[in-house]
Colleague: 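Let me begin by handing over the structure; questions about it come next.
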Amino acid sequence: VCSQWCVCVCVCVRACVRARARGPTPPFSTLSISHPASMITHVELYRPEKRNAMNRAFWSEMVECFSQIAVDAECRVVVVSGAGKIFTAGIDLMDMSSDFIQPVGDDSARTSWNLRRLIAKYQETFSVIEKCPKPVVVAVHGACIGGGVDLITACDIRLCTQDAWFQVKEVDIGLAADVGTLQRLPSVIGSRSLVNELALTARKMYSDEAKTCGLVSRVFPDKEAMLAGALELAGEIAARSPVAVQGTKINLIYSRDHSVADSLDYMATWNMSMLQTQDVLKSAQAAIEKKSPKEVPFSKL
């Protein structure tokens, strides 16, 4: 069984390589979308010639992409990675600078109002990942700078290569990170002191420290091994009941932002309906028969 699974993963990785060779997936110009295995969607940042820098198109395309995935019954898990030599260089300053250097408005009130609306729009680019009920596994290789940290902290599971490094870069370009890092990173790492240090100094965090502090859960020797690991992990998640998996993600995020008492009440309300699924009976029967979840035919959700 292990050898068959390894062969399957290798095929999936080769499929991802072929997807990269095709370039962006229409109608997107910055993303390549593929389906390397059943119920798994691979979203690849695809501006390799620009180090996957986040231009204007990217910010809207991510929202469109994950809004589609959220309601796609054929998808149970998402893997996010980057094409080319690094994961992402962060915001494309050349493309985006005019939005902030010359904001629209007749006076300071109107300028501020429009700028706030623009920032909220950019925040949604990564919030949509968190709002998506499908678990998102992000696989980082090389550099993950600025907006890249905003992106990965909105994901559910973070993996990286040995050569990966992370940088909250915004103070170096004269601003406070404003699309998610300062809000999510403290919960991800669990150390306010370390978050403050990273955000205030813009120093680089390398893979060994990222693993130690909990920013990532696994470190792989290279990109190919990491993608294989990401797809294997995604396959394990996709094999479980989508009712159980999506309910778990939603309640984990709810519990992060609420008290234990509130979270327990929300969980009880959630499961008073979700427990009325055939998936519970199917899972229990499989356990009694000593079957793997992969052998259970769960309905689409």
Colleague: Any side-chain heavy atom of S241 within less than 4.5 Å of one from L301?
Modeller: no
Colleague: Does the side chain of R56 come under 3.5 Å of the side chain of T30 through a donor N or O and an acceptor N or O?
Modeller: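 Not at all, the side chains of R56 and T30 share no donor-acceptor pair under 3.5 Å.
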Colleague: In chain order, what residues pass the ring pair (Phe, Tyr, Trp, His ring centres under 6.0 Å) check against Y266, with sequence neighbours excluded?
Modeller: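 Expected list: Y254.
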Colleague: State, with a plain yes or no, whether a side-chain heavy atom of K169 is found less than 4.5 Å away from one of I91.
Modeller: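 No, every pair of side-chain atoms sits at 4.5 Å or beyond.
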Colleague: Should we say atom CZ of R116 is surrounded by more than 12 heavy atoms from elsewhere, each under 6.0 Å from it?
Modeller: no
Colleague: Is the backbone of G84 close enough, under 3.5 Å, to the side chain of H141 for a donor and an acceptor to pair up by distance?
Modeller: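 Yes, H141 side chain to G84 backbone: donor-acceptor pair under 3.5 Å.
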Colleague: Quick one: OG1 on T212 to CE on M205, what's the gap to the nearest 0.5 Å?
Modeller: 9.0 Å
Colleague: Looking only at heavy atoms, what is the nearest atom pair of K223 and G82, with distance?
Modeller: NZ-O, 2.8 Å
Colleague: Return yes when atom CZ of R51 has more than 12 non-hydrogen atoms of other residues, nucleotides or ligands closer than 6.0 Å, and no otherwise.
Modeller: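 No, the 6.0 Å shell around CZ holds no more than 12 heavy atoms from other groups.
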Colleague: Quick check against the 3.5 Å criterion: does S34 have a side-chain atom that pairs as donor or acceptor with the backbone of P36?
Modeller: no
Colleague: Is it possible for you to say whether V296 and I288 belong to one hydrophobic cluster, with membership spreading through side-chain heavy-atom contacts below 4.5 Å?
Modeller: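 V296 does not cluster with I288.
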Colleague: Yes or no on side-chain contact (heavy atoms from CB on, under 4.5 Å) for V79 and T41, after CA distance, side-chain angles and deciding distance?
Modeller: CA-CA 6 Å; V79 174; T41 298; over 6 Å; no
Colleague: List the atom of R240, the atom of R76, and the distance in Å for their closest heavy-atom pair.
Modeller: O-NH1, 3.7 Å
Colleague: Taking M274 as the starting point, is it possible to reach V71 by hopping between hydrophobic residues whose side chains are less than 4.5 Å apart?
Modeller: no
Colleague: Please say yes or no: joined through hydrophobic side-chain contacts below 4.5 Å, possibly via intermediate residues, are L233 and M226 part of one cluster?
Modeller: yes
Colleague: What is the minimum heavy-atom distance between M39 and A238, and which atoms define it?
Modeller: CB-CB, 4.1 Å
Colleague: Do L252 and L275 sit in the same hydrophobic cluster, where Ile, Leu, Val, Met, Phe, Trp and Tyr count as joined when their side-chain heavy atoms come under 4.5 Å apart?
Modeller: no
Colleague: Below 4.5 Å, heavy atoms only, C-beta onward: do M54 and T88 meet side chain to side chain?
Modeller: yes
Colleague: I'd like to check I145 versus F87 (side-chain heavy atoms, cut-off strictly below 4.5 Å). Are they in contact?
Modeller: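 Not touching, per the 4.5 Å side-chain cut-off.
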Colleague: Taking E170 for its side chain and A176 for its backbone only, find out whether a donor-acceptor pair lies under 3.5 Å.
Modeller: no
Colleague: Is the side chain of S283 donor-acceptor paired with the backbone N or O of V280 at a distance under 3.5 Å, no angle test?
Modeller: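 Not a single qualifying donor-acceptor pair exists.
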Colleague: Mark yes or no for whether Q162, through its side chain, and S207, through its backbone, hold a donor-acceptor pair below 3.5 Å.
Modeller: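 No, the answer is negative, given that no donor and acceptor are paired below the 3.5 Å cut-off.
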Colleague: If you measure from CG on N52 to CD on E49, what distance do you get to the nearest 0.5 Å?
Modeller: 8.0 Å
Colleague: Mind checking whether L215 and L185 have side chains closer than 4.5 Å, heavy atoms only?
Modeller: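 Yes. Closest side-chain heavy atoms under 4.5 Å.
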Colleague: Hey, mind stepping through L198 and V149 against side-chain contact (heavy atoms from CB on, under 4.5 Å) and telling me if it holds?
Modeller: CA-CA 11 Å; L198 294 170; V149 180; over 6 Å; no
Colleague: Just wondering, more than 12 heavy atoms not from E289 lying within 6.0 Å of its CD?
Modeller: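 Yes, the 6.0 Å shell around CD holds more than 12 heavy atoms from other groups.
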Colleague: Does the ring center of F126 lie less than 6.0 Å from the ring center of W59?
Modeller: yes
Colleague: Does a donor on one side chain sit under 3.5 Å from an acceptor on the other, for E61 and S29?
Modeller: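 Yes, S29 and E61 have a side-chain donor paired with an acceptor closer than 3.5 Å.
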Colleague: Look at the side chain of S259 and the backbone N and O of D262, then say whether any donor-acceptor pair between them is shorter than 3.5 Å.
Modeller: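 Yes, S259 side chain to D262 backbone: donor-acceptor pair under 3.5 Å.
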Colleague: Closest heavy-atom contact between C75 and I69?
Modeller: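 Distance-wise, the nearest heavy atoms are SG-CG2, 3.9 Å.
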Colleague: Within this structure, what is the SG-CZ distance for the pair C65 and F58, rounded to the nearest 0.5 Å?
Modeller: 9.5 Å
Colleague: In terms of side-chain geometry, is the basic nitrogen of K211 or D208 positioned less than 4.0 Å from the acidic oxygen of its partner?
Modeller: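 Answer for the salt bridge query: no.
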Colleague: So, for L182 and A199, which heavy atoms are closest and what is the spacing to 0.1 Å?
Modeller: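 Distance-wise, the nearest heavy atoms are CD2-CB, 3.9 Å.
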Colleague: Has K50 got a side-chain atom pairing as donor or acceptor with D92's backbone, closer than 3.5 angstrom?
Modeller: no
Colleague: Could you see if I253 belongs to whatever hydrophobic cluster contains I157? Use Ile, Leu, Val, Met, Phe, Trp, Tyr and a side-chain cutoff under 4.5 Å.
Modeller: no
Colleague: Donor-acceptor pair, distance only, cut-off 3.5 Å: does the side chain of N271 make one with the backbone of M267?
Modeller: no
Colleague: Taking side chain as C-beta onward, heavy atoms only, is E64 less than 4.5 Å from F28?
Modeller: yes
Colleague: Could you tell me the separation between the OG atom of S108 and the CH2 atom of W113, rounded to the nearest 0.5 Å?
Modeller: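 It is 13.5 Å, given to the nearest 0.5 Å.
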Colleague: Is a side-chain donor or acceptor of R218 paired with a backbone partner of L159 at a separation under 3.5 angstrom?
Modeller: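 Not at all, since once roles are kept as given, no pair shorter than 3.5 Å links the two residues.
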Colleague: Would you say F166 and R158 make side-chain contact, with heavy atoms under 4.5 Å?
Modeller: no
Colleague: What's the shortest heavy-atom distance between R184 and V179, and which atoms?
Modeller: NH1-O, 4.0 Å
Colleague: Under the side-chain contact (heavy atoms from CB on, under 4.5 Å) criterion, do I152 and V140 qualify, and how do the steps go?
Modeller: CA-CA 9 Å; I152 68 169; V140 178; 3.9 Å; yes
Colleague: Answer whether the closest heavy-atom distance between the side chains of E209 and L194 falls below 4.5 Å.
Modeller: yes
Colleague: In sequence, state the C-alpha distance, the side-chain angles, and the governing distance for N251 and S263, and then conclude on side-chain contact (heavy atoms from CB on, under 4.5 Å).
Modeller: CA-CA 8 Å; N251 278 277; S263 298; over 6 Å; no
Colleague: State the OG1-CG distance between T125 and D150, to the nearest 0.5 angstrom.
Modeller: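 Spacing of OG1 (T125) from CG (D150) equals 10.0 Å.
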Colleague: Got a second to check how far K294's NZ is from E236's CD, nearest 0.5 Å?
Modeller: 3.0 Å
Colleague: Keeping D265 on the side-chain end and A261 on the backbone end, is there a donor-acceptor pair under 3.5 Å?
Modeller: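 No.
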